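Here the structure is laid out as structure tokens; the discussion comes afterwards.
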Amino acid sequence: MTTDGFTTCLWFDGQAEEAAHHYVSIFKNSSIGKIARYPEGALQAAGSVMTVEFTANGHRFLGLNGGPQFKFTEAASFMIFCESQEEIDYYWTRLTENGGEPGPCGWLKDRFGVSWQVVPDRLSAMISDPDPAKASRVTQAFMAMSKFDIAALEKAYAGE
């Protein structure tokens, strides 16, 4: 087994290359790698994209055009930890554009059906604070949000 980490395989229905280019356009430290095409006699049309390797935010992915049999669900999601509201707004906008769907508590689905969580990097510390009142206020505040509002979370944390 190699020791250089994991590659996440994402199953698409003909959209793997489009998705790869979309993700590469959003995240820094991203690039498109090798693209393999289906040969004659395969399950998909000859010459169509079978797989596309790409890196998004330094994480390796393989987009596979496997057909309509499988769909993405919220059971697996990618978390993006953000330092500022501007970062949250950027990722939220880019990932919900052109058919994505906002969800509760910082979750969203992009136009390909992939689930993401766009989260303030400080949230974990706030909800695990040893003061149960602080943790409770922050939890109640974020449970009422769709896209996270860092200022509102900080106010809840401070008891304002």
Side-chain angles (χ1 to χ4, degrees), residues 1-38 42 44 47-129 135 138-139 141-143 145-154 157:
M1 185 164 121
T2 63
T3 59
D4 60 349
F6 295 99
T7 298
T8 301
C9 180
L10 299 174
W11 181 296
F12 294 92
D13 183 15
Q15 301 167 310
E17 187 175 18
E18 178 187 351
H21 284 285
H22 181 63
Y23 300 139
V24 165
S25 77
I26 294 173
F27 297 99
K28 296 176 184 176
N29 192 19
S30 300
S31 62
I32 300 290
K34 296 177 190 171
I35 298 175
R37 299 192 178 277
Y38 279 103
Q44 303 289 336
S48 65
V49 172
M50 179 170 44
T51 62
V52 57
E53 297 175 10
F54 65 100
T55 301
N57 199 31
H59 183 89
R60 293 183 326 211
F61 291 89
L62 178 82
L64 167 68
N65 282 326
Q69 297 90 334
F70 301 110
K71 305 286 184 213
F72 297 109
T73 75
E74 293 83 357
S77 62
F78 296 97
M79 296 180 78
I80 306 167
F81 293 97
C82 301
E83 292 181 9
S84 67
Q85 189 65 48
E86 292 76 23
E87 273 189 289
I88 288 174
D89 294 345
Y90 169 78
Y91 289 117
W92 193 268
T93 298
R94 292 299 313 275
L95 290 166
T96 59
E97 69 188 0
N98 298 320
E101 301 173 7
C105 305
W107 290 62
L108 63 87
K109 278 190 176 183
D110 67 24
R111 69 184 188 225
F112 304 103
V114 176
S115 291
W116 299 85
Q117 296 179 60
V118 183
V119 181
D121 59 3
R122 189 157 145 45
L123 182 63
S124 179
M126 288 192 276
I127 62 174
S128 61
D129 191 286
V138 171
T139 301
F142 85 70
M143 294 294 283
M145 295 179 182
S146 181
K147 179 176 70 172
F148 281 123
D149 178 337
I150 293 175
L153 293 172
E154 291 288 352
Y157 186 71

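These numbers come from a predicted model, not from an experiment.
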- Message: By the side chain to side chain donor-acceptor pair (under 3.5 Å) test, which pairs, at least two apart or in different chains, include something from residues 6-16?
- Response: Thr7-Arg60, Thr8-His59
- All heavy atoms of Pro102 vs all of Thr96, minimum pair found to be N-CG2, 4.2 Å
- Mind checking ring-ring contact (aromatic ring centres under 6.0 Å, His included) for Phe81 and listing every partner two or more places apart, or none if nothing turns up? none
- Task: Identify, with sequence neighbours excluded, every residue that meets salt bridge (Lys or Arg N to Asp or Glu O under 4.0 Å) alongside Glu101.
- Result: none
- Task: Working to the nearest 0.5 Å, report the span between CD1 of Ile35 and CE of Met50.
- Result: 12.0 Å
- Query: How many angstroms lie between CG in Leu62 and CZ in Phe54, if you round to the nearest 0.5 Å?
  - Reply: 8.0 Å
- Note on the structure: Sorted by chain and number, sequence neighbours left out, side-chain hydrogen bond (donor to acceptor under 3.5 Å, both in side chains) with Glu154 holds for Arg122
- Note on the structure: Contacts satisfying salt bridge (Lys or Arg N to Asp or Glu O under 4.0 Å) that involve residues 77-91 (not counting sequence neighbours) are Asp89-Lys147
- Any pair with a residue in residues 85-106 that passes ring pair (Phe, Tyr, Trp, His ring centres under 6.0 Å), sequence neighbours left out, goes on the list, sorted by first then second residue, please. Phe27-Tyr91
- So do the side chains of Asn65 and Gln44 get within less than 4.5 Å of each other, counting heavy atoms only? no
- Query: Minimum heavy-atom separation for Val118 to Cys82, with atom names?
  - Reply: CG1-SG, 3.8 Å
- Under the side chain to side chain donor-acceptor pair (under 3.5 Å) rule, what pairs show up with a residue in residues 24-34, not counting sequence neighbours? Ser25-Arg94
- Message: The test is side chain to side chain contact (heavy atoms under 4.5 Å, CB included); show your working for Leu95 and Ile80 and say whether it passes.
- Response: CA-CA 11 Å; Leu95 290 166; Ile80 306 167; 3.6 Å; yes
- Message: If the condition is side-chain contact (heavy atoms from CB on, under 4.5 Å), which residues does Ala42 pass it with, not counting sequence neighbours?
- Response: Tyr38, Pro39
- Query: Which atom names give the shortest non-hydrogen contact between Phe148 and Val119, and what distance separates them?
  - Reply: CD1-CA, 4.0 Å
Can you give me every donor-acceptor pair (side chain of residues 103-112, partner residue at least two apart or in another chain, under 3.5 Å) with its distance?
| residue | atom | partner | partner atom | Å |
| --- | --- | --- | --- | --- |
| Trp107 | NE1 | Gln117 | OE1 | 3.4 |
| Lys109 | NZ | Glu74 | OE2 | 3.2 |
| Asp110 | OD1 | Phe112 | N | 2.8 |
| Asp110 | OD1 | Gly113 | N | 3.1 |
| Asp110 | OD1 | Val114 | N | 3.1 |
| Asp110 | OD2 | Tyr23 | OH | 2.4 |
| Asp110 | OD2 | Trp116 | NE1 | 3.0 |

- Message: Applying side chain to side chain contact (heavy atoms under 4.5 Å, CB included) to Val49 and Phe12, what does each step give before you reach the verdict?
- Response: CA-CA 11 Å; Val49 172; Phe12 294 92; over 6 Å; no
- Heavy-atom check, side chain of Leu153 versus side chain of Pro120, under 4.5 Å: yes
- Would you give the length of the straight line joining atom NE2 of His21 to atom CD1 of Ile26, rounded to the nearest 0.5 angstrom? 13.5 Å
